[in-house]
Amino acid sequence: MTGETARYQPQITEPKWQEAWEAAGCFTARRDPARPKYYVLEMFPYPSGRIHMGHVRNYTMGDVVARTRKAQGYSVLHPMGWDAFGMPAENAAMQEGGHPAEWTYNNIKVMKGQMKPLGLSIDWSREFATCDPEYYGQQQAMFLDFLEAGLVYRKAAVVNWDPVDMTVLANEQVIDGKGWRSGAEVERRELTQWFFRISEFSEELLAAIDGLENWPEKVRLMQKNWIGRSRGLQFSFSTVDAPEGFERIEVYTTRPDTLMGASFVAVSPDHPLAKHLERHDTGIAAFNAECRRIGTTEEALEKAEKRGFDTGITVRHPFDTAWELPVYIANFILMDYGTGAIFGCPAHDQRDFDFATKYDLPIPAVFVPEGEEDAALAEAYVPPKSERVQYVRGFAGEEVQTGEEAVEAAIDFCQSRGVGQGVTKFRLRDWGLSRQRYWGCPIPVVHCDACGVVPEKKENLPVELPKDVSFDQPGNPLDRHPTWRDCACPRCGGKARRETDTMDTFVDSSWYFARFTAPRAETPTVAEDVAYWMNVDQYIGGVEHAILHLLYSRFFARAMHRTGHLPAKAIEPFDALFTQGMVTHEIYMSWDDRERPVYHLPEDVILHTMVDGKRVAVLKAQLVSNGETLEDRIDNTLALGIGTAEIVPSAKMSKSKKNVVDPVDIIARFGADTARWFVLSDSPPERDVEWTSAGAEATHKHLARVWALSERIAAMPEAGAAPGDADLLRAMHRAIDEVSRTIESFAFNKSIAALYTFTNVLSKADASGPVMRRAVRTLAQLMAPMVPHLAEEVWAMQGGEGLVTEASWPVADPAMLVSDTVTLPIQINGKRRAEITVAADATKEDVEKIALADDAVLRFLAGAAPKKVIVVPGRIVNVVL
RNA sequence: GCGGGCGUGGCGGAACGGUAGACGCGAAGGUCUCAAACACCUUUGUCCAAAAGACGUGUGGGUUCGAGUCCCACCGCCCGCACCA
């Protein structure tokens, strides 16, 4: 057969198989009590308008799991939806006009059109967007249930305020302390906002992490640290010369053992005392205002230079009333943590040390390394709490003890003297969900002059966003929409105003996984559906969600359970979690005549490897304008670097660096299977993978080789036997075993390596037609999760029954996996010097005898007896001289 | 600043504490071709002409018969830090 008529043509075959799957309803999820269920979920996308390679990688991984589980007989749920609320839609409306809904739904349409050609085994009948009123209406219903259950409340909280645009800014909209649009200095301002009482679950959310065995250890650690349980002492200092009402300052410390090393007290600029003082003291007012300009992120506060303002107030030390400590307002004290006030022990905290040095405060050491003398410190001495140290200013417990022991002893001592209480605190703060924006789920309450805050009646849900809004003025359009904003009080019928804050988009994504089990239901969830489908058996997404999204979802599952929307088994909604790495690409950069960087798209350069192995990127535009060929360029000016771009090693794909590879282009050129195979092949899934055009081309070639191999095998005789049959069958079972195990353990790069190995064996095998056919059909089955279209093609070519997508997963025969001999390396003093082949069931003694008789071993022994011989059966022999 | 992660050939990466470099890319040589492309075959960590050998997993120490893997210290890069999603 010539290459003319028979070729691997994904552009033709891929749509064909997608239609076949759709016609057969392969991916429609059904509750089937007779079968075990499997729920695979990839973190749903934000509809930005285009899919990127990260999506391809994420969804391909989920698809491998979904298709494998389906083949293994599970009833699979593999849904897809859209995390559709958020600021970009509003930004687009501001910049380009139009309406956020129009922008969002259009993006969804485009992105879905780009995703469909990937051939993912998604049940599209369950699709929804979080901006659908049907979805957010149910979310509002749950909000009301949470409100009734006491899981939501209002309190004042700090926001970034842009005084020119008169609007609240997100952290990412604050650049160097200035508003991104107005350029005005951003202020911290307090607003009354809605909060979820997530902190009520701190202890439980922390304790339950230990049960999340199939989560990555790093995510569990990050969550633990985020919740941040600490044990400490809360007590108050009595003040001297403080204003009325501030006779005491309550502080919290995790190191009460350092109380005798205290040298100052510091309160947050947002502390009631600081706020009181600023009303009467312009210096303090100016200092506090300065602090508030730093912003609201913890990062900014931590990185800012540590500064304080001496209030002139002092406090008495609890164990020595003659000892007075100055009270500062300090920019690094968070009002949200502890009591918003601390005592500083500069000897044993670097921040306090820097502060004390700056303000010339004493630095008395409380403890020193065992056996050392008390001496002046050049920096804070901060040993691990588990280390034994010698206390020179301790007041409780032994003189030499660990920090942990000393803390407990100090708490006991203080409590017995009536100085404070031992308390457990958490770093985790309540979740502020209010957003002063339009494009989010409206908070379904009204503010009535007579009744106060009144929940909307459930029969009036959803509280829909008004469509007639404009974004030509700063601020939230809901605030200035009179017919939407003004309403009747659900309780008294009097004049009332709707809440104009909308919900954080994290709320939308905190329960979508539950909604997928019954996406069209008229209640948030349906008992039978959540009972059958929950939990998510495998959740897959980016590590950037390791803390907030996952923690919020864990909280939501508990809150939903408490309000009757989820069964108890679903309070940890994700049984297994996998966090995948990014897709990166190298950057092509040159410089313009003013020495500014200019970035070039991958398709605008030709990559060439020079003889010395150096890679260069030649600018296509340069070749065209000079009328040159690549060869001319290589001969002439390449060495000079003219018309070439520097290759900067891989970086996260971003539009500004122009290193984005568009999946749509790749699919058009090579087909979806090439894109799918490549994103799985090179790197372990949890690590970043670098997209390279050479790799994509090589993948495509390999897939074409498999196609051609299948075609060759299809033409082989129907009957007969050949000497290589047994070897090929062994290789086949090894491949089944390896691919099955590596898919199970999320090592898809190794699955692909095993498929390469098996394909290489298969193409060189000296086996008969029937065995070859059997092997290549198995190859199709093993490849199907990764490259389902090609697998169908091969399956059909070999006369496979029905669709390979519907075929059951092959099982390796253990008897075919063992061999009768084994090759062992022999080390001499830990260095490999020889190898021997012995029977797989040889005894240690036999192996030792054979090893010691080996030529190389005899040469090294030179007649002497070995000191020791270590035989690890099946692995290695080590002879120690 | 705090928290978390990652460092292995020219490149992506393999390796229950047991033969470092599986598999793929790239490169070199060959077959085919008028020639090229494609395809196929062989080689490919570094040093040495080759053999033998030596050296090799970011750096420096340590534990072990044996360390990429475990421990300590350091260096570099990446991610998160509560209103981006």
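Numbered from 1 within each chain, the chains take letters A, B, ... in sequence-line order.
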Touch class at under 4.0 angstrom, heavy-atom based, for [X] against every strand present:
X       : result
K224(A) : nothing
A698(A) : sugar-phosphate
N878(A) : base

Any donor-acceptor N/O pair, D430(A) side chain to S199(A) backbone, under 3.5 Å | yes

Stem regions touching RNA chain B, defined by at least 3 consecutive Watson-Crick or wobble G-U pairs below 3.5 angstrom |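 Correct response: B:1-7 with B:75-81, B:10-12 with B:23-25, B:26-31 with B:39-44, B:45-47 with B:53-55, B:58-62 with B:70-74.
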
F355(A) ring center near F353(A) ring center (under 6.0 Å) |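 No, the ring of F355(A) stays outside the 6.0 Å limit from the ring of F353(A), centre to centre.
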
Nearest to the side chain of D682(A) - C25(B), A20(B), G12(B)?
-> G12(B)

Between the side chains of W215(A) and Q223(A), is a donor N or O closer than 3.5 angstrom to an acceptor N or O?
-> no

Treat primed atoms plus P, OP1 and OP2 as sugar-phosphate and everything else as base, then score nucleotides 79-85 of chain B 5' to 3': B for base contact with protein heavy atoms under 4.0 Å, S for sugar-phosphate contact only, - for none.
-> -SBBBSB

Given A14(B), is OP1 or OP2 found less than 4.0 Å from the side-chain N or O atoms of N749(A)?
-> yes

side-chain N/O R687(A) vs G5(B) OP1/OP2, d < 4.0 Å | no

For Y46(A) and F85(A) the tightest heavy-atom approach is CE1-O, 3.5 Å

RNA chain B-proximal residues of residues 867-874 of chain A, any heavy atom under 4.0 Å = I870(A), V872(A)

By nearest nucleotide on RNA chain B, pick out whichever of L221(A) and T692(A) is the more 5' one.
-> L221(A)

Apply side chain to side chain contact (heavy atoms under 4.5 Å, CB included) to the pair I666(A) and F678(A), showing each step before the final yes or no.
-> CA-CA 11 Å; I666(A) 300 300; F678(A) 182 83; over 6 Å; no

